[in-house]
Protein chains: 2
Amino acid sequence: MQNRKYHHGDLRNSLIEAGIELINREGASVLSLRKVAALCGVSQAAPYSHFQSKEDLLGAMREYVIEQFMEVLETSIQDCKDQNNPRLLIQMGKNYVMFFIKNPQYFTFIFSQQCIEINLSLDGDETKNFPPFQLFKTKAVPIMNNLGMSKARVEDAIISMWATVHGLSSIATMKNVHYNKDWETKIEDIIWNIQVLAV
Amino acid sequence: MQNRKYHHGDLRNSLIEAGIELINREGASVLSLRKVAALCGVSQAAPYSHFQSKEDLLGAMREYVIEQFMEVLETSIQDCKDQNNPRLLIQMGKNYVMFFIKNPQYFTFIFSQQCIEINLSLDGDETKNFPPFQLFKTKAVPIMNNLGMSKARVEDAIISMWATVHGLSSIATMKNVHYNKDWETKIEDIIWNIQVLAV
DNA sequence: CACTAAATCTTATCAGTGTAAAGATTATTT
DNA sequence: AAATAATCTTTACACTGATAAGATTTAGTG
């Protein structure tokens with residue numbers, strides 16, 4: 001990308017992508033603004049024309065990753081014929097975990113900083129809700145209603161299921177985890193232990 | 001703690017405790033060796049007489065926290081009369097989550113760096129296994145065997161249950177999480193959604 | 001077109017960080 | 001008591017996030 005031009009042209013996006021490349025290559029803990037700038041061929045202070053702070057760039061990178069994440073989750077919905085089958089939730093959970101297994105650095109990157117807004121209740125403000133969870137909730141509520149569950153139990157079950165899938169992602173992306181089976185084929189069995197789905 | 005003596009006397013432990021105090025006060029992301037040293041009243045390079053690197057000190061702090069964590073889990077075992085009742089597992093899970101709700105900084109501190117060794121399989125090397133998981137496994141296996149489950153299903157159920165509890169801790173300790181109920185009274189309901197326990 | 005204002009980038013420069021080296025001080029061992 | 005080891009201080013270096021002042025380019029206005 002290094003051009004002799006004074007103006008880069010698309011520096012904002014380049015910084016985001018360079019940052020993500022560095023995270024995948026070296027990990028988020030050793031990421032520096034200067035490395036990102038160097039990778040884009042600009043000076044150390046150049047990023048400050050597009051981002052107020054390092055945290056601001058990290059926030060934009062996070063949004064970028066979450067968008068990719070959302071695309072993966074949405075395909076798992078479109079691939080399902082019967083939108084009322086609990087299997088849809090399993091498939092979403094599977095794709096949830098597999099996304100982080102395929103991109104191990106992303107899990108801690110997204111969740112380590114505690115800047116994510118989450119509304120666990122069924123009612124309440126959904127505008128600022130963490131999009132992946134918001135999507136899961138939207139799909140899970142009608143399916144669980146369909147199974148004749150009470151509102152309170154639906155809420156519990158949604159939290160329970162998301163916690164399982166989320167925790168599984170956390171565990172599977174740990175560096176020194178020993179598991180002698182293939183996650184892709186096993187995840188489904190593990191998620192099936194949620195009582196709701198076994199009905 | 002600041003003494004006029006040249007030798008501190010118990011600097012190694014003081015550094016660990018000061019570091020943990022700073023984590024609880026300001027968070028792990030802004031922790032520096034120099035602040036920890038200053039809090040102990042010693043020079044910036046003094047920690048290097050006891051720890052090879054910052055990461056080395058963080059490792060010792062992590063062990064310290066995990067010990068506290070283990071004590072909490074072990075009391076939940078001793079408080080249970082019937083060691084074969086699945087309720088024991090619920091109680092462990094409850095204490096697992098509540099420990100992190102009471103110490104919100106500890107979750108990311110322990111798990112964000114990926115230095116934890118975990119063996120998910122039922123057989124294999126247990127010596128270097130993450131002690132809290134190792135303890136959970138030891139207690140869960142006989143209880144689940146008692147329920148007449150196959151070895152494969154036991155393994156799945158253990159991972160499933162731990163993932164739920166672990167994920168619940170991750171979610172509950174996020175900074176901007178909105179939940180209009182009391183965790184302490186609700187956790188149990190949520191964990192009960194694991195199929196095994198509902199048998 | 002010329003001129004101005006805004007946007008973008010560079011070059012210092014700063015305080016704070018982890019870490020290493022060399023030396024000072026105290027404790028331990030012989 | 002002397003020698004050795006352990007502990008701590010001082011100094012120094014490279015790297016970091018961030019700011020300020022200035023250079024360069026682009027966009028907008030008459």
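Note that the structure is predicted; figures quoted are calculated from it, not measured. In what follows, every chain begins at residue 1, and chains take the letters A, B, ... in the order their sequences are listed.
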Nearest-Å distance, [atom1] ([X]) to [atom2] ([N])?
| X | N | atom1 | atom2 | value |
| --- | --- | --- | --- | --- |
| A/Leu33 | C/dC9 | CG | C1' | 15 Å |
| A/Arg12 | C/dC9 | CZ | P | 13 Å |
| B/Asp56 | C/dA20 | CG | C1' | 16 Å |
| B/Leu15 | C/dG18 | CG | P | 13 Å |
| A/Leu57 | D/dG17 | CG | P | 10 Å |
| B/His8 | C/dA27 | NE2 | C1' | 16 Å |
| B/Gln52 | C/dG18 | CD | C1' | 14 Å |
| B/Phe51 | D/dA6 | CZ | C1' | 15 Å |

Residue pair A/Ile101 / A/Thr173: nearest heavy atoms and the distance that separates them: N-CG2, 4.2 Å
Taking only the side-chain heavy atoms of [X] (C-beta and beyond), determine which of [options] contains the nearest atom.
| X | options | result |
| --- | --- | --- |
| A/Ser53 | C/dA20, C/dG18, D/dA18 | D/dA18 |
| B/Lys54 | D/dT10, C/dT10, C/dG18 | C/dG18 |
| A/Tyr48 | D/dT19, D/dT9, C/dT19 | D/dT19 |

So A/Ser32, base contact, sugar-phosphate only, or nothing? Heavy-atom distance under 4.0 Å. sugar-phosphate
Hey, are [Y] and [X] close enough side-chain-wise for a donor-acceptor pair under 3.5 Å?
| X | Y | value |
| --- | --- | --- |
| A/Gln83 | A/Lys139 | yes |
| A/Ser121 | B/His178 | no |
| B/Gln91 | B/Asn95 | yes |

Are A/Lys186 and B/Glu155 close enough for a salt bridge, meaning some N to O gap below 4.0 Å? no
Map A/Arg34 and A/His50 onto DNA chain C by nearest heavy atom, then report which one ends up closer to the 5' terminus. A/His50
Please check the phosphate of C/dT10 (OP1 and OP2 only) for any side-chain N or O of A/Ser43 closer than 4.0 Å. yes
Between the base of D/dA18 and the side chain of A/Gln44, is there any donor-acceptor pair under 3.5 Å? yes
